[in-house]
Amino acid sequence: MSFKRSLVRPDAELIVKDAAKELNAPARRLFGKRILSLGGLAMLSGCSITDDQSVNAMLRKMSRFNDDVQALLFDPNALAPTYPESMITRPFPFNAFYDIDEVPQVDPSGYKLTVGGLAKGKRVWTLDELHAMPQESQITRHICIEGWSAIGRWGGVRFAHVLARAGADTSAKYVAFHCADNYSTSIDMPTALHAQTLLTLTYDGQILPPKYGFPMKLRMPTKLGYKNPKHIVAITVTNEYPGGYWENQGYNWFGGS
Ligand SMILES: Nc1nc2c(c(=O)[nH]1)N[C@H]1C(S)=C(S)[C@@H](COP(=O)(O)O)O[C@H]1N2
Ligand SMILES: [Mo]
């Protein structure tokens with residue numbers, strides 16, 4: 001990212017431009033169309049902007065501020081659009097941080113999902129137990145930050161039901177996911193409890209194939225693609241900011257769509 005370049009004598013215009021890039025659409029709307037002045041940014045963030053370090057500190061604060069604004073604007077009752085079967089994208093694209101020939105092959109027989117952290121109910125789940133719960137299906141649009149989107153049909157269990165049976169503390173801030181390919185991500189609790197957030201076990205009526213995340217993908221039409229973890233093996237309910245694979249490399253944490 002360009003703000004990593006050395007700014008010994010901070011160039012006001014450049015910094016404002018970089019900071020504006022950090023603010024995504026909902027946050028920008030909050031400020032109106034007016035571009036904030038450097039002084040305004042500094043005041044807002046309580047940082048001085050005299051050197052590289054304090055500029056970076058300010059930008060980090062802006063980024064967290066941006067997450068908070070997005071979380072505030074997230075309406076837990078608003079539903080993402082759904083689509084007719086005729087609009088499903090075929091074939092649905094595969095994406096991961098590796099090529100398709102490196103997709104992990106998870107063995108269903110030994111597989112167990114664990115729910116840890118702030119949860120005092122059922123902590124270990126087999127696939128059969130998840131399949132035995134009420135199943136729902138949705139046709140929604142998956143949006144990848146790399147510049148493509150596609151409509152697909154996923155089926156599975158409402159994640160809120162899983163959290164309830166796991167005895168999760170739903171006043172906790174975060175739910176974190178660890179995956180069989182060592183991918184990770186984390187989401188806010190309101191999104192975890194959203195009616196369209198499904199722990200999916202099927203894709204287009206068939207058991208989720210390995211490329212789409214066997215044995216399960218958390219599917220959230222309210223979040224960008226990288227927030228939708230495939231091959232989940234462990235879920236943690238926590239108040240400590242968990243980050244994630246892409247989030248730790250600068251992707252926006254809230255990642256709403
Ligand atoms: N475990 C895991 N989950 C992941 C990823 C990954 O690399 N590993 N990539 C994410 C990204 S960036 C996208 S766009 C979607 C792609 O899902 P798909 O292959 O079903 O299209 O998975 C998300 N979940
Ligand atoms: Mo993505």
Enter the distance from [X]:[atom1] to [Y]:[atom2] here, rounded to the nearest 0.5 Å.
X      : Y      : atom1 : atom2 : result
Arg219 : Thr140 : CZ    : OG1   : 3.5 Å
Met216 : Leu199 : CE    : CG    : 5.0 Å
His161 : Thr197 : NE2   : OG1   : 12.0 Å
Phe159 : Leu193 : CZ    : CG    : 8.5 Å

### Task
Could you please spell out the steps behind the side-chain contact (heavy atoms from CB on, under 4.5 Å) verdict for Phe94 and Val103?
CA-CA 10 Å; Phe94 159 82; Val103 167; 3.6 Å; yes
#### Entry: Connected-component partners of Leu79 among ILVMFWY, side-chain separation under 4.5 Å
none
### Message
Is a donor from one side chain sitting under 3.5 angstrom from an acceptor on the other, for Thr126 and Asp128?
### Response
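Result is no, nothing qualifies.
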### Side-chain H-bond candidate by donor/acceptor type, Gln138 with Thr82, under 3.5 Å
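On atom types as modelled, these side chains do not qualify, holding no pair under 3.5 Å.
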### Summary
Residue pairs meeting ring-ring contact (aromatic ring centres under 6.0 Å, His included), one or both in residues 103-151, sequence neighbours left out, come to Phe92-His142, His142-Trp148
#### Entry: Within residues 219-238 or reaching into it, pairs that qualify as ring-ring contact (aromatic ring centres under 6.0 Å, His included) - sequence neighbours excluded
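Pairs touching residues 219-238 that pass the test: Tyr226-Tyr251.
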#### Entry: Same apolar cluster (I L V M F W Y, side chains within < 4.5 Å links), Val162/Tyr174
no
### Task
Consider only side-chain heavy atoms of I, L, V, M, F, W and Y, link residues closer than 4.5 Å, and tell whether Val106 and Phe177 are in one cluster.
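Yes, Val106 and Phe177 fall within the same hydrophobic cluster.
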### Task
Name all pairs fulfilling the side-chain hydrogen bond (donor to acceptor under 3.5 Å, both in side chains) condition that reach into residues 162-173, sequence neighbours left out, sorted by first residue then second.
Asp169-Ser171
### Message
The criterion is ring pair (Phe, Tyr, Trp, His ring centres under 6.0 Å); which residues satisfy it with Tyr83, sequence neighbours excluded?
### Response
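Here no residue qualifies.
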### Query
salt bridge (Lys or Arg N to Asp or Glu O under 4.0 Å) between Lys227 and Asp188: does it pass, once the steps are laid out?
CA-CA 11 Å; Lys227 304 296 291 180; Asp188 54 296; over 6 Å; no
Please list every donor-acceptor pair under 3.5 Å in which a side-chain atom of residues 114-124 meets a protein atom from a residue at least two apart or in another chain.
from   : atom 1 : to     : atom 2 : distance (Å)
Lys122 : NZ     : Val124 : O      : 2.8
Lys122 : NZ     : Glu129 : OE1    : 3.0
Lys122 : NZ     : Glu129 : OE2    : 3.2
Arg123 : NE     : Ala119 : O      : 3.0
Arg123 : NH2    : Gly117 : O      : 2.7
Arg123 : NH2    : Ala119 : O      : 2.7

### Task
Test side-chain contact (heavy atoms from CB on, under 4.5 Å) on Ile232 and Lys217 and set out the steps.
CA-CA 7 Å; Ile232 303 169; Lys217 174 183 190 175; 6.0 Å; no
### Task
Let me see the working for Arg153 and Glu85 under side-chain contact (heavy atoms from CB on, under 4.5 Å), right down to the final yes or no.
CA-CA 8 Å; Arg153 174 181 17 210; Glu85 208 181 320; 3.3 Å; yes
### Task
Could you walk me through whether Tyr212 and Asp204 pass side-chain contact (heavy atoms from CB on, under 4.5 Å), step by step?
CA-CA 11 Å; Tyr212 299 148; Asp204 204 15; over 6 Å; no
### Query
Quick one: is the NZ or CZ of Lys223 closer than 6.0 Å to the six-membered ring centre of Phe254, and within 45° of its axis?
yes
